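Notes follow once the structure below has been shown.
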Amino acid sequence: MPLARFEKIDPEKRQRILQAAAQEFAAEGFQKASLSRIAEGAGVSKPALYYYFEDKADLYVTVAREAWERLSPLKQLDLGSLTQDSFWPTLEALLRQNLARCRDEPWLIAVGKLAYHPPNEGAAAGAVAAIFEEARAFQQGLLLRGQELGTVRSDLPEELLISMLTAADAAADHWMVDHWEELGPDEAERISRLVFGAIRALMSPPPTEEEP
């Protein structure tokens with residue numbers, strides 16, 4: 001966790017540090033990332049980083065956690081408020097909202113690269129694993145709510161459905177962050193819309209067979 005004084009700094013300065021760190025970690029990986037380059041990119045001194053963070057791993061964890069807090073559906077969506085009619089449209093609106101946020105704050109995409117190319121061990125790796133576990137738990141709750149509403153299929157074992165949803169979602173996110181710089185806003189939105197449609201078709205109840 002960052003030192004308490006990091007939470008009290010000017011928001012603009014805080015943003016510069018997070019952005020510079022995300023870009024450095026994404027470009028160089030955790031081991032090769034340089035605190036000196038992060039400090040230079042953020043417009044602060046290297047000692048200032050140690051004033052706010054215990055070490056490089058602490059900064060990495062803070063960046064990953066901050067991005068998750070901004071994009072996480074946990075704080076943006078109340079599963080209990082979803083209805084049969086609103087279930088899929090609400091999820092699609094949330095996807096569009098996060099896509100727009102990533103366009104406005106490109107460092108969030110850099111953090112996506114961290115998530116799919118994390119360190120092999122240590123606190124930084126543990127933080128990424130914890131975030132993925134939170135995401136999987138949310139997806140499980142989402143799936144169960146969808147089944148309650150009749151908008152998610154229930155003809156397959158729950159564990160298999162969760163694995164299918166998690167794998168499809170992760171594959172789409174992984175591909176998107178790796179190709180983000182090649183995509184314009186319109187193309188990114190088009191692909192996201194098509195991927196969402198594919199996942200919806202995968203998870204929706206199969207058509208009812210007509211009686212002969």
Side-chain angles (χ1 to χ4, degrees), residues 26 64-118 127-210:
R65 177 57 60 178
E66 183 75 17
W68 170 243
E69 290 291 327
R70 297 194 188 195
L71 296 175
S72 170
L74 295 173
K75 293 187 176 181
Q76 302 180 57
L77 181 61
D78 175 16
L79 295 181
S81 68
L82 295 175
T83 66
Q84 188 176 63
D85 291 335
S86 70
F87 185 86
W88 289 111
T90 298
L91 296 182
E92 185 171 19
L94 181 61
L95 173 64
R96 289 176 178 272
Q97 178 180 315
N98 279 348
L99 194 65
R101 184 169 292 150
C102 288
R103 285 198 297 268
D104 293 338
E105 301 183 64
W107 72 275
L108 294 173
I109 291 295
V111 177
K113 293 181 179 180
L114 304 184
Y116 290 107
H117 304 286
V128 173
I131 289 172
F132 273 111
E133 186 58 36
E134 289 180 24
R136 183 177 174 86
F138 171 80
Q139 289 170 337
Q140 181 177 15
L142 182 66
L143 182 147
L144 293 176
R145 179 58 178 163
Q147 288 180 330
E148 292 175 359
L149 297 171
T151 58
V152 171
R153 66 192 307 155
S154 57
D155 58 333
L156 292 172
E158 178 184 316
E159 184 178 354
L160 176 57
L161 281 174
I162 294 172
S163 295
M164 289 166 57
L165 175 59
T166 301
D169 186 53
D173 285 349
H174 195 165
W175 188 92
M176 188 67 76
V177 299
D178 281 350
H179 294 82
W180 183 262
E181 295 178 1
E182 307 165 17
L183 305 173
D186 291 342
E187 181 66 1
E189 184 168 344
R190 184 187 73 85
I191 291 176
S192 294
R193 184 174 64 252
L194 291 175
V195 168
F196 180 84
I199 292 177
R200 176 174 179 172
L202 178 68
M203 303 307 295
S204 293
T208 303
E209 294 184 5
E210 296 183 1

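If you read the sequence from its start, that first residue is 1, and numbering goes on from there. Because the structure is predicted, anything quoted here is derived from the model rather than measured.
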Close side-chain approach of V195 to L95, heavy-atom, < 4.5 Å: no
Beyond-backbone contact of R136 with S163, side-chain heavy atoms, under 4.5 angstrom: yes
Shortest non-hydrogen separation from A110 to A26 and the atoms involved: O-CB, 3.5 Å
Contact list for residues 91-114, test ring pair (Phe, Tyr, Trp, His ring centres under 6.0 Å), sequence neighbours left out: none
Carboxylate-amine/guanidinium proximity below 4.0 Å for E187 and R190: yes
Residue pair S154 / Q147, side-chain donor-acceptor N/O under 3.5 Å: no
Heavy-atom closest contact (R65 atom, A130 atom, distance): NH2-CB, 4.3 Å
L99 to E189 - nearest heavy-atom pair and separation: CD2-CA, 3.6 Å
Nearest non-hydrogen partners of I199 and A168, listed with the distance: CG1-CB, 4.1 Å
CD/E181: more than 12 non-hydrogen atoms of other groups inside 6.0 Å: no
Interatomic spacing from CD1 in I109 to CZ in R103 - rounded to 0.5 Å: 10.0 Å
Side chain to side chain contact (heavy atoms under 4.5 Å, CB included) assessment of L79 paired with F87: CA-CA 9 Å; L79 295 181; F87 185 86; 6.0 Å; no
Euclidean distance, L71 CG relative to R101 CZ, rounded to 0.5 Å: 6.5 Å
Euclidean distance, L161 CG relative to D155 CG, rounded to 0.5 Å: 7.0 Å
Qualifying salt bridge (charged side-chain N to carboxylate O under 4.0 Å, His left out) pairs, either residue in residues 193-208, two or more places apart: none
Approximate separation, where rounding is to 0.5 Å, of L108 CG and C102 SG: 5.0 Å
Under 3.5 Å donor-acceptor, H179 side chain and W175 backbone: yes
Donor-acceptor pair, side chain of S86 and main chain of L82, under 3.5 angstrom: no
Smallest separation among heavy atoms of F196 and W88, with atom names: CZ-O, 3.4 Å
Separation of L202 CG from D169 CG (nearest 0.5 Å): 11.5 Å
Approximate separation, where rounding is to 0.5 Å, of T83 OG1 and R145 CZ: 8.0 Å
Closest heavy-atom pair and its distance - A64, I131: O-CD1, 3.6 Å
Expected output: side-chain T151 to main-chain G146 donor-acceptor under 3.5 Å: yes
Working for side chain to side chain contact (heavy atoms under 4.5 Å, CB included), residues S72 and F138: CA-CA 9 Å; S72 170; F138 171 80; over 6 Å; no
Stepwise side chain to side chain contact (heavy atoms under 4.5 Å, CB included) test for W180 and M176: CA-CA 6 Å; W180 183 262; M176 188 67 76; 3.9 Å; yes
Side chain to side chain contact (heavy atoms under 4.5 Å, CB included) assessment of E158 paired with L144: CA-CA 8 Å; E158 178 184 316; L144 293 176; 3.5 Å; yes
